[in-house]
2 protein chains.
Amino acid sequence: MKGKATSIDIAHLAGVSQSTVSRALRNSPLVNKETTEKVKQIAKELNYKVDKHASSLRTQQSNTLALLIFADPTSDNSLINPFFLSMLGSITQASAKHDYDLLLSFQQSSDDWHADFEDSQKADGIILLGYGDAVDFAPKLKQLDEQGTHYVRWGPPANNLPSICCDNKSGGYQATQHLLSENHSRIAFIGDASVHCPEFFERYQGYAEALIKAGHPIEPKLQTDSISTEQSGYEATMKLLKADQNFTAIFAASDLIAIGAIKAIKESGKHIPTDFSIVGFDDIQIARFMNPPLTTIRQDTSTAGEALVETLLDNIKGNLQQQILLNPELIVRNSSRTV
Amino acid sequence: MKGKATSIDIAHLAGVSQSTVSRALRNSPLVNKETTEKVKQIAKELNYKVDKHASSLRTQQSNTLALLIFADPTSDNSLINPFFLSMLGSITQASAKHDYDLLLSFQQSSDDWHADFEDSQKADGIILLGYGDAVDFAPKLKQLDEQGTHYVRWGPPANNLPSICCDNKSGGYQATQHLLSENHSRIAFIGDASVHCPEFFERYQGYAEALIKAGHPIEPKLQTDSISTEQSGYEATMKLLKADQNFTAIFAASDLIAIGAIKAIKESGKHIPTDFSIVGFDDIQIARFMNPPLTTIRQDTSTAGEALVETLLDNIKGNLQQQILLNPELIVRNSSRTV
DNA sequence: CTGAAAGCGCTTACAG
DNA sequence: CTGAAAGCGCTTACAG
């Protein structure tokens, strides 16, 4: 009978009907206490577990959430963005807390991912983490919404679609403000500051605001595009260094970019923070171990993960679409201050 | 009809029976080419997806794998062992490649986790990553096996149960050999070298073998217990430093321990690698960014993840239980050599 | 408080 | 090549 007992087996043994077994196992108040006890006892002995597929088919809900992580196009394809990875933990934990299973999937920018999960009833809703180009992504999101799929996305609010995000502008402002307070005025921004990458764009807005407030001009030449990888950050920084823009600090739009930037600076024979101060964004695990330890803007992945799950669950229950902004926090380490 | 089309809807529209629709969608050679085309066309228009629960209920298989990660008891409970996290990627990818979904779950050392997944038909098999105490874990493993659950475990082979593991003894040998070649002879081992932690125990065996081969004695006082966390590694190292054992190198049983060890050494005002050389184990992402970059024994998580999935799938197909040993590789960085 | 029955949406012998 | 039918194992009105 190894792991194969059904509610009918229990019914036979308990001398009740299969419906009563089902009710008892679900703690229905309709069932007599003693009957319930007896049924549960037998179920335990048989090592019985409710068949997930049968019950899901019947109730039309799977009690499962799907987490889709969109890989950034990295050169090293096995490297998943560590920031997302750290969010994984809290999302998994939050799902479990609400008695939901979590289906995990890493996506390439394939065409029909959006339909796969909820339509096949694999999941009651999906959590979206990361994406390639925001402009390409938007129509897919819209389609999800039109299909009535339950989902929540990590990213800046757009079109009133459900999303959780940190306040990137505030983060950018804090980072820049910090560098200004360390007496820098020519601060480079490394990251794609365009609608194709709204996160970075917002960080750039915060950067610009801080500069303006301090009476400094915004110089487009101090901005260089980069996607969120070490390699890209390295190349962008090299380009900037060669352009001889006479800057003394870098605000990297992500920690991964900052890692590349630091590598470039070291290779150029310059020193951090004496020649260049650097601030990153995310506070990935690596940041505090770096040489020098990286000043950065922390996004609280723990809170974020929980918020994602709870918003999605709300959404599934039919509550209003939500947009939540989390507060980022400046973490000062030695890449931006002289010790 | 939003995401709610069934095979019957398609049957009506195509003017065939529901059985034919089902066959056509599964590319049955029995069905007429044109009929198949037509059915698929309509399915696409309706955005139809086969209902996972209905098909799984019928076929009695879920095409899903469950990955259970057992959290080490860390002080910082949100921190999942980065080594496991990096294995996640390849496991997910390998599952997808074989058309299996992946269910993710972080486990505390709860009592009845072992029954939950396969018995409820949620998964066709499970992958086990990490555990607390190996001695406590063994009976659960045995029960899994007796229940006929399909599973594979990351860890040293034991009792002929299916497992994938790196050759820890060889890794320990390589690490120690390397330190010996750098002219160290009094080398401390930090990690729990007992049956409660077979991985570390095997690494210790390799360490001992290398020492003996080089004609050096094994000194029990140079070994201190530690679980695989930064904090524990820090405390163990502090203890060792105070015991004044006159050692010049440390082989830490994991990178996390090495991180703690380095912290302890720095706090004691000593310098790496001039006062102490350090070698870790795992090659987690952080290792190469540390100050100094950490010499370590790399376990190839990419190969490991794939091997886990493929062994499990083999197991599900009824093939013999397998045990695979992967080769670890010494990565020399500046924590163990003077530059 | 309990039971008999319907039905969730598939897959697959069985019959033609 | 196609269709009618059974059945996977549940949950839940419906009737008592």
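Protein chains get the first letters and strands the later ones, always in sequence-line order, with residue 1 at the start of each.
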Completion exercise
K49(A) atom NZ is separated from dC8(D) atom C1', nearest whole Å, by 21 Å
Practice task
State, without any angle test, whether T20(A) and S17(A) hold a side-chain donor-acceptor pair at a distance under 3.5 Å.
Solution key: yes
Exercise for the section: Would you please confirm or rule out a distance under 4.0 Å between OP1 or OP2 of dC10(C) and any side-chain N or O of S22(B)? Expected result: no
Handout entry: Distance test, side-chain N/O of S17(A) to OP1/OP2 of dG3(C), below 4.0 Å
Key = yes
Exercise for the section: Among S55(A), S7(A), S22(A), find the residue that satisfies the side chain to side chain contact (heavy atoms under 4.5 Å, CB included) test when tested with V50(A). Expected result: S55(A)
Practice task
Treating a pair as Watson-Crick (purine N1 to pyrimidine N3 plus N6-O4 or O6-N4) or G-U wobble (N1-O2 and O6-N3) with both distances under 3.5 Å, list the stems of 3 or more consecutive pairs that involve DNA chain D.
Solution key: C:1-3 with D:14-16, C:5-12 with D:5-12, C:14-16 with D:1-3
Problem - Minimum-distance nucleotide to T59(A) side chain [options: dT12(D), dC10(D), dG3(C)] - result: dT12(D)
Handout entry: Distance-only polar pair, side chains of N63(B) and K122(A), donor-acceptor under 3.5 Å
Key = no
Exercise for the section: To the nearest Å, give me how far apart CG (L57(A)) and P (dT11(D)) are. Expected result: 11 Å
Exercise for the section: Return the nearest nucleotide to the side chain of Y48(A); candidates are dA4(C), dT12(C), dC10(D). Expected result: dC10(D)
Exercise for the section: With heavy atoms under 4.0 Å as the rule, sort S19(B) into base, sugar-phosphate or nothing. Expected result: base
Exercise for the section: Tell me yes or no: between the side chains of Q41(A) and E37(A), is some donor less than 3.5 Å from an acceptor? Expected result: no
Practice task
Scan R26(A) against the nucleic acid and name what it touches under 4.0 Å (heavy atoms): base, sugar-phosphate only, or nothing.
Solution key: sugar-phosphate
Exercise for the section: Find the distance I8(A):CD1 to dC8(D):C1' and express it as a whole number of Å. Expected result: 11 Å
Practice task
Classify the angle between the aromatic ring planes of F70(B) and F137(B) as parallel (below 30°), tilted (30 to 60°) or perpendicular (above 60°).
Solution key: perpendicular
Problem - Residue-phosphate contact under 4.0 Å: T20(A) side-chain N/O, dG3(C) OP1/OP2 - result: yes
Handout entry: Pair K52(B), S62(B): side-chain N/O donor-acceptor within cut-off below 3.5 Å
Key = no
Exercise for the section: Could you measure between the two P atoms, the one in dT2(C) and the one in dA6(C), and give it in whole Å? Expected result: 23 Å
Exercise for the section: State, to 0.1 Å, how close V309(B) and S95(B) come at their nearest heavy-atom pair, and which atoms those are. Expected result: CG2-OG, 3.8 Å
Completion exercise
Side-chain contact check for L30(A): nearest option of dA13(C), dG3(C), dC1(C) is dC1(C)
Problem - Value in whole Å for how far the P atom of dC1(D) lies from CD of E37(B) - result: 13 Å
Problem - Nearest-angstrom distance from the residue atom CD of Q18(A) to P of dT12(D) - result: 12 Å
Exercise for the section: Give the rounded distance in Å between these two atoms: NE2 of H53(B) and P of dG7(D). Expected result: 24 Å
Practice task
Find the distance R58(A):CZ to dG9(D):C1' and express it as a whole number of Å.
Solution key: 11 Å
Exercise for the section: Look at all strands and tell whether T35(A) reaches a base, only sugar-phosphate, or nothing, counting heavy atoms closer than 4.0 Å. Expected result: sugar-phosphate
Completion exercise
Rounded to whole Å, the CD-C1' distance (Q61(A) to dC8(C)) equals 13 Å
Practice task
Choose from dA13(C), dC10(D), dC10(C) the nucleotide whose nearest atom is closest to any side-chain atom of R23(B).
Solution key: dA13(C)
Practice task
Give a yes/no on whether any side-chain N or O of Q60(B) is located under 4.0 angstrom from OP1 or OP2 of dG9(D).
Solution key: yes
Fill in the blank from the handout: Heavy-atom nearest nucleotide on DNA chain D taken for N32(B) and for A54(B); more 5' hit belongs to N32(B)
Handout entry: Residue I8(B) excluded, over 12 heavy atoms near CD1 under 6.0 Å
Key = no
